[in-house]
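Working notes for the structure below.
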2 protein chains.
Amino acid sequence: MPPRHTVKPNASAAPLSSLADAATPRSPTVPLDEVDRQILVLLSQDSRRSQRALARELGMSAPAVGERIGRLERLGVIRGYGVRLDWSAAGFPMTVYLIITAVQGYQQSAIVEKIANIPELEELNIVTGAIDILARFRVRDHAHLRQLIMEHIWKIEGVHRTETSLSILDIEAENLVAGLLSTPAAGPE
Amino acid sequence: MPPRHTVKPNASAAPLSSLADAATPRSPTVPLDEVDRQILVLLSQDSRRSQRALARELGMSAPAVGERIGRLERLGVIRGYGVRLDWSAAGFPMTVYLIITAVQGYQQSAIVEKIANIPELEELNIVTGAIDILARFRVRDHAHLRQLIMEHIWKIEGVHRTETSLSILDIEAENLVAGLLSTPAAGPE
DNA sequence: CTTGAAATAATGAATGA
DNA sequence: TCATTCATTATTTCAAG
């Protein structure tokens with residue numbers, strides 16, 4: 001038996017059967033105390049730190065940390081553990097946003113579902129305002145981008161307009177967890 | 001001594017001193033073979049799986065897996081290990097995009113640096129095209145959003161126009177790693 | 001939540017293909 | 001050069017208080 005906590009298995013690489021499979025959940029708020037928040041901050045910085053190391057930093061015992069983590073997993077605050085990749089080193093240096101406007105009255109979910117199954121997709125949002133869909137992709141080069149747009153996006157029915165925005169600078173705020181959970185009007189107890 | 005790999009410490013919660021501190025690197029491409037890719041896929045699904053478990057799934061020994069992972073960390077393909085949070089459960093159910101256009105000729109980096117230090121920031125991109133900056137934030141509610149815009153964004157000089165887009169549906173493509181690294185014209189060997 | 005013990009895992013050295 | 005086995009050290013987990 002594996003020694004570590006087993007979280008519910010993550011989304012597989014298989015095509016989505018429905019949007020709900022991939023959509024970020026809108027779960028009920030879980031009360032978090034200061035220790036919970038600190039654990040989340042530390043894990044967000046390096047989720048492979050041992051519970052012992054966490055325990056040392058937090059001034060408590062390892063089993064106590066283990067129980068906290070288990071609780072956060074059970075309650076769904078922790079959805080899983082991932083890797084921060086350097087996509088550039090992995091051979092996909094380009095980040096591109098496709099800003100999509102749908103044809104009026106068209107089923108957006110059909111469009112979204114098709115985009116959601118494109119392997120190059122990193123994130124997709126249906127948004128309010130002038131545009132309808134904001135999708136971020138990872139591609140290898142211009143040829144890859146062209147292939148993505150021509151062979152995938154343009155073949156989706158109901159897409160009214162597509163604007164392509166290349167990312168010139170990408171900043172991932174790794175202080176989000178620390179910044180939001182710690183200081184300012186933090187989560188309800 | 002800690003038994004797990006120690007990756008270079010991640011970005012702290014301290015304010016950024018320069019953009020380079022947070023910007024996604026444009027590193028040289030690292031050759032990845034099939035085993036490397038599989039390890040990355042498995043780790044992206046659950047980075048806390050033990051090396052033994054990985055070894056079992058890959059049909060090799062644990063030390064071999066450990067060396068592979070160490071190499072990927074040293075070469076910078078693996079930048080770190082993080083947590084997938086349910087921000088809704090953590091009390092921040094709203095995702096909002098701010099689409100920002102800068103004043104002509106204004107120093108974009110000054111704007112970016114100010115935005116980068118807002119705790120609610122999740123990700124920021126300077127992009128080509130009609131807009132200049134695309135920034136995604138996490139907020140608790142409408143009041144929090146208003147406070148964010150009025151007290152932070154509006155006080156930044158050089159911002160020409162800001163459009164606020166609420167995310168109605170957010171899909172994180174967890175199959176990105178599997179999809180991109182495995183099947184289609186994968187990374188150079 | 002803490003302590004202590006048992007099961008399990010990670011690391012490094014020696015070894016062999 | 002690369003992967004395996006073995007021994008050591010560290011960690012997770014369970015039980016009891």
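Below, chains carry the letters A, B, ... as their sequence lines are ordered, and counting in each starts from 1.
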To the nearest 0.5 Å, how far apart are CD1 in Ile100(A) and CG in Leu124(A)? 7.0 Å
Sequence neighbours excluded, which residues qualify as side-chain contact (heavy atoms from CB on, under 4.5 Å) partners of Ser109(A)? Leu19(A), Gln107(A)
dA10(C) P sits how many Å from Gln51(B) CD, rounded? 5 Å
Separation of dT12(D) P from Arg49(A) CZ (nearest whole Å): 12 Å
Whole-Å distance between dC2(D) P and Asp36(B) CG? 11 Å
Atom pair distance, as rounded to whole Å: CZ in Arg56(B) and C1' in dT4(D): 16 Å
From CG of Asp46(A) across to C1' of dT11(D) the rounded distance in Å is 15 Å
Mind calculating the distance between CZ (Arg52(A)) and P (dT9(D)) to the nearest angstrom? 14 Å
Side chains of Thr95(A) and Arg136(A), donor plus acceptor under 3.5 Å: no
May I ask you to say whether Arg49(A) pairs ionically with Glu57(A), meaning some side-chain N is under 4.0 Å from a carboxylate O? yes
Can you check the Leu54(B) CG to dA3(D) C1' distance for me, whole Å? 16 Å
Heavy-atom donor-acceptor pair, Asn125(A) side chain to Val127(A) backbone, under 3.5 Å: no
Which atom pairs link the protein and nucleotides 1-4 of chain C when you take only N or O atoms and keep those under 3.5 Å?
{"residue": "dC1(C)", "atom": "OP1", "partner": "Arg68(A)", "partner atom": "NE", "Å": "3.1"}
{"residue": "dC1(C)", "atom": "OP1", "partner": "Arg68(A)", "partner atom": "NH2", "Å": "2.8"}
{"residue": "dT2(C)", "atom": "OP2", "partner": "Ser61(A)", "partner atom": "N", "Å": "2.7"}
{"residue": "dT2(C)", "atom": "OP2", "partner": "Ser61(A)", "partner atom": "OG", "Å": "2.7"}

Heavy-atom pair with the smallest gap, counting every atom of Ala55(B) and Ala62(B): CB-N, 3.5 Å
Atom CZ of Arg48(B) to atom P of dT8(C): distance rounded to whole Å? 18 Å
